[in-house]
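Below is one structure, written out as structure tokens, with a few remarks after it.
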Amino acid sequence: MEGFCPELQTCPCCGAKGSCRIHAYYGRSLVDFVGGTPVRHSLCILRLICTCGHTHAILPDFIIPYSGYGLFFLLRVLAEYFLHLSTVERLCERFSISLSQLRRWLDLFRVQKVEWLGILSSVEISALSFLKALSIQPAYSDFASAFVRRFAKSFLQSHRNPAPYCQQVFGP
Ligand SMILES: [Zn+2]
């Protein structure tokens with residue numbers, strides 16, 4: 001965020017470049033997994049406003065829009081689930097999540113895996129292989145931004161963005 005330049009951004013709603021300026025900051029919490037236990041962090045999020053009137057929160061890759069859980073938390077839950085390291089009950093207990101929450105994430109992950117890879121490739125590539133491929137990418141941002149360009153929402157984001165939302169430009 002240190003190198004972030006609001007004046008270089010393109011508005012995801014109206015498409016104008018250089019029309020955004022700093023609007024406000026707001027606090028939000030995010031659950032991460034640190035040292036073998038869930039930890040709640042407090043974050044300060046920058047919000048921009050465009051001359052078209054839309055405001056945009058600037059979320060780094062590790063934040064999934066509309067989710068109170070961080071990206072690394074979700075990826076870790078999914079990886080441990082597919083590695084079968086323990087029972088599902090123990091997994092939920094370890095991460096302090098409900099069984100229904102885990103099922104929602106699994107459903108979301110499976111749907112988005114098919115969307116991203118296509119049906120045929122998704123059959124050939126296991127969930128664990130897909131997760132491994134994501135984790136060893138030299139730049140996760142490349143995958144994250146390509147995903148948003150294709151689907152107008154972030155990887156593992158469950159709720160849709162507002163209708164006119166169309167982010168095409170990323171980076172500081
Ligand atoms: Zn705009």
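Atoms within a ligand are numbered from 1 in the order they appear, just like the ligands themselves. The figures here come from the full heavy-atom set of this structure, side chains too, leaving out hydrogens, waters and symmetry mates. As the structure is a prediction and not an experimental result, all values here were calculated from the model.
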Would you say the side chains of Lys113 and Ser122 form a donor-acceptor pair under 3.5 Å? yes
Output yes when Glu80 and Arg94 qualify as a salt bridge under the 4.0 Å nitrogen-oxygen rule, no when they do not. yes
With respect to the Zn ion (ligand 1), please indicate if [X] possesses an N, O or S atom at a distance under 2.8 Å.
X	value
His54	no
Cys50	yes
Cys20	no

Might you confirm whether atom CD of Glu93 has over 12 heavy atoms from other residues, nucleotides or ligands at distances under 6.0 Å? no
Please check if atom CZ in Arg110 has more than 12 non-hydrogen atoms from other residues, nucleotides or ligands closer than 6.0 Å. yes
Only to 10 degrees, please: what angle do the SG atom of Cys52 and the SG atom of Cys14 make about the Zn ion (ligand 1)? 110°
